[in-house]
Amino acid sequence: MGRVKLKIKRLESSNNRQITYSKRRTGIVKKAKELAILCDIDLVLLMFSPTEKPTLFVGERSILMELSFSSNLEQVIAKLAQVPAQ
């Protein structure tokens with residue numbers, strides 16, 4: 001017997017949204033870490049919680065760190081500005 005596919009829709013309760021965000025945030029960060037390591041890539045992941053609190057993760061060549069948003073955003077933007085347009 002397989003798993004039931006749930007329909008993805010916005011959670012109505014703000015409390016439930018915050019709880020779900022907190023739980024799923026660790027999962028997406030884990031996947032980002034794995035991708036950075038497996039593919040040897042630079043990675044930037046910027047997320048805003050339902051309470052509008054920003055979280056910034058930067059993975060540079062197999063090292064993924066959680067950074068203070070305000071102190072390192074400028075560094076991330078400067079690096080992105082160096083990327084040539086495609």
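From a predicted model like this one, the values you see are computed outputs, not experimental measurements. These values consider heavy atoms only, across backbone and side chains, with no hydrogens, waters or symmetry-generated copies. Counting from 1, the numbers follow the sequence of the chain as shown.
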So, using side chain to side chain contact (heavy atoms under 4.5 Å, CB included) as the criterion, who are the partners of [X] when residues are at least two apart?
X: Arg17; result: Arg10, Leu11, Ser14, Pro50
X: Thr26; result: none
X: Ser49; result: Gln18, Tyr21, Thr51, Lys53

(request) Check whether any side-chain heavy atom of Met47 lies under 4.5 Å from a side-chain heavy atom of Ile28, and answer yes or no. (result)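 Yes, close enough: below the 4.5 Å cut-off.
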(message) As an exercise, state the distance from CG of Leu38 to NZ of Lys31, rounded to the nearest 0.5 Å.
(response)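 Atom-to-atom, Leu38:CG and Lys31:NZ are 10.0 Å apart.
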(request) Output the distance between atom CD (Glu12) and atom CG (Asn15), rounded to the nearest 0.5 Å. (result)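 It is 14.0 Å, given to the nearest 0.5 Å.
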